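Just follow the structure's listing: the first ligand is 1, and inside any ligand the first atom is 1. In this text, all values refer to a predicted model and were calculated from it rather than measured experimentally.
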Amino acid sequence: MLKTKIDLRSDTITLPTSEMMETIPQTSLGDDILGEDPTVRKLEKKAARILGMEDALLVISGTMANQIALMNFSQRGQEVIVGKDSHMYNMESAGISALSQVQVRLVDVINGYYNPDNIEESISLGDIQKPKTALICLENTYDLNGGYSVTIDNMKEIREVANKYNIPIYLDGARIFNAATALDVKPKSLCDHVDAVQFCLTKGLGCPLGSILAGSERFIKLAKFNRQRLGGGMRQAGIIAAPAIYALDNMVERLKEDNKQARYLGKCISNNSNIKINEIQTNIVSLSIKHQEWNADKLIKYLREKNILVKKIGNHKIRMVIHYQITGEDIKYVISTLNNLFT
Ligand SMILES: *Cc1c(COP(=O)(O)O)cnc(C)c1O
């Protein structure tokens, strides 16, 4: 494959590998709404096992998984606790209010740490004036522009608070495998303290489509109903499941390379006084420009001319996401381009 651009906008731009595509013609298919696609069932059982959940459901996107979870756990007019910079709050077309019709209670999450006191203060048991808290939503890695890993200890602390008030916890684990890799723990351990979880097949794992939603058998039964309500029931979805099974077997181990490359990139540009970068924990590098004559638009245009694509995340801020299509050579080129920027 001839690479013309170094595309760091997102890990969602990854194309499926040829090995992944080769799984599709040999796939056994069936009508998945009737529960008759053997490849989908195989994937769902495998994913449930990896996450330590009773059952799982293949859905078309992470957004759909999140919205189904909200529908499952809440009733109209209730409240859900979510992180201020979370995907659920910022990037899902106001699905929280438009679909589940619940109100949001925002909490600040600092470098991937959910403060249990803040969470506790945000919980409402409901009275004549206040809606009841239906759900606490966590995200790991936290914040699509930061990629911080939320630790097991932190999740346990939140669980203890939630248990006091008998409130379920949902984990948006879009990049849970990047988090597990960075923390050197099993993905399952990051699910020990939550009731349900989703992860994206389309990011670091490189699949063309799909997310996995997992939880108890009862949760998944209801999720199937809500998926159908959203028009997300699928027929011969084995063509999505086959590459996903391949990815779970072959694309997880290598994520440590992405995390490592991101750290290396960060380290090599951190001495530049015109640049400030986040603390890099996984595969996401956010870069703020401190130079008076530069802003994000100018930087993006400049980098595009150098064949590097990045994403704007603020007037003076861009992000770069590392994935399997980015080579060590690419990283070196990006480093030298950035370090030669203001000279
Ligand atoms: C990408 C992402 C999603 C949504 O996934 P889509 O498949 O793009 O809908 C949800 N949450 C987080 C944290 C994400 O990064």
Side-chain angles (χ1 to χ4, degrees), residues 7-16 47 51 56-71 80-96 98-100 104 106-107 109 111-112 114 135-150 155 169-182 187 190-191 194 196-214 223 226-227 230-232 234 237 240-241 243-244 247 255 258-259 262 278 281-286 311 313 319-323:
D7 196 339
L8 301 169
R9 289 172 302 167
S10 179
D11 43 12
T12 56
I13 64 95
T14 45
L15 301 176
L51 300 171
L57 183 69
L58 174 65
V59 297
I60 203 67
S61 67
T63 301
M64 184 178 275
N66 286 346
Q67 294 304 321
I68 290 172
L70 284 161
M71 291 163 83
V80 295
I81 297 175
V82 301
K84 186 164 160 281
D85 299 311
S86 64
H87 194 283
M88 280 172 114
Y89 178 61
N90 292 283
M91 308 292 280
E92 303 194 1
S93 316
I96 296 184
L99 297 171
S100 290
V104 160
L106 293 179
V107 290
V109 184
N111 285 1
Y114 286 83
L135 181 67
I136 298 169
C137 301
L138 305 180
E139 191 177 291
N140 201 4
T141 62
Y142 181 72
D143 173 355
L144 65 163
N145 298 325
Y148 303 109
S149 0
V150 182
M155 298 183 87
I169 302 180
Y170 171 67
L171 175 62
D172 175 357
R175 295 189 177 86
I176 197 168
F177 292 103
N178 288 87
T181 303
L190 293 175
C191 303
V194 304
V197 57
Q198 81 93 8
F199 71 82
C200 290
L201 292 157
T202 52
K203 294 186 171 161
L205 302 186
C207 294
L209 289 165
S211 273
I212 294 288
L213 179 62
N226 281 323
R227 180 183 70 171
L230 293 173
M234 296 180 283
I240 301 173
L255 290 174
D258 296 344
N259 291 352
N278 63 321
Q281 296 184 358
T282 57
N283 64 327
I284 302 180
V285 180
S286 335
K311 185 181 171 192
I313 57 171
R319 92 170 181 184
M320 298 178 281
V321 184
I322 312 304
H323 48 77

Checklist line | Between Tyr148 and Asn140: side-chain donor-acceptor atoms closer than 3.5 Å | finding: no

Check: What is the minimum heavy-atom distance between Ile176 and Phe199, and which atoms define it?
Finding: CG2-CB, 3.8 Å

Next item on the list: Could you see which bit of Ala174 sits under 4.0 Å from ligand 1, with heavy atoms only: side chain, backbone, both or neither?
Entry: side chain

Notebook entry, point to check: What is the nearest protein non-hydrogen atom to atom 11 (N) of ligand 1, stated with its residue, atom name and distance?
Noted result: Asp172 OD2, 2.6 Å

Margin query: Could you identify the single nearest non-hydrogen protein atom to atom 9 (O) of ligand 1 and state the distance to 0.1 Å?
Written below: Thr63 OG1, 2.6 Å

Checklist line | For atom 14 (C) of ligand 1, closest protein heavy-atom neighbour | finding: Lys203 NZ, 2.8 Å

Checklist line | ligand 1-proximal atoms of Met64, by part, heavy-atom distance under 4.0 Å | finding: neither

Check: Got the closest protein heavy atom to atom 6 (P) of ligand 1, with its distance?
Finding: Gly62 N, 3.4 Å

Check: Backbone, side chain, both or neither: what part of Asn66 comes under 4.0 angstrom of ligand 1, heavy atoms only?
Finding: side chain

Item checked: Closest approach of Glu139 to Leu144 (non-hydrogen atoms, all atoms of both residues) -> OE2-N, 4.0 Å

Note to self: With no hydrogens and no angle check, just 3.5 Å: does a side-chain donor-acceptor pair link Glu92 and His87?
What the structure shows: yes

Next item on the list: Indicate yes or no: does an N/O atom of Gln198 lie under 3.5 Å from an N/O atom of ligand 1?
Entry: no

Notebook entry, point to check: What atoms of ligand 1 come closer than 4.0 angstrom to any heavy atom of Cys200?
Noted result: 5 (O)

Check: Hey, which atoms in ligand 1 end up nearer than 4.0 Å to a heavy atom of Glu139?
Finding: 13 (C)

Check: Just by distance, do the side chain of Ser10 and the backbone of Thr12 share a donor-acceptor pair under 3.5 Å?
Finding: yes

Margin query: Under a 3.5 Å threshold, yes or no: a donor from one side chain and an acceptor from the other, between Asp11 and Asn283?
Written below: yes

Notebook entry, point to check: Going by the atom numbers of ligand 1, which of them fall below 4.0 Å from some non-hydrogen atom of Ser61?
Noted result: 7 (O), 9 (O)

Notebook entry, point to check: Any idea which heavy atoms bring Ala247 and Cys207 closest together, and the distance?
Noted result: CB-SG, 3.5 Å

Note to self: Minimum heavy-atom separation for Gln198 and Gly62, please, with both atom names.
What the structure shows: OE1-CA, 3.5 Å

Next item on the list: Answer side chain, backbone, both or neither: which part of Arg175 comes under 4.0 Å from ligand 1, heavy atoms only.
Entry: side chain

Checklist line | Ser86 and ligand 1 - part of the residue with a heavy-atom distance under 4.0 Å | finding: neither

Next item on the list: Looking only at non-hydrogen atoms, find the nearest pair between Val197 and Gly173 and report the distance.
Entry: CG2-N, 4.4 Å

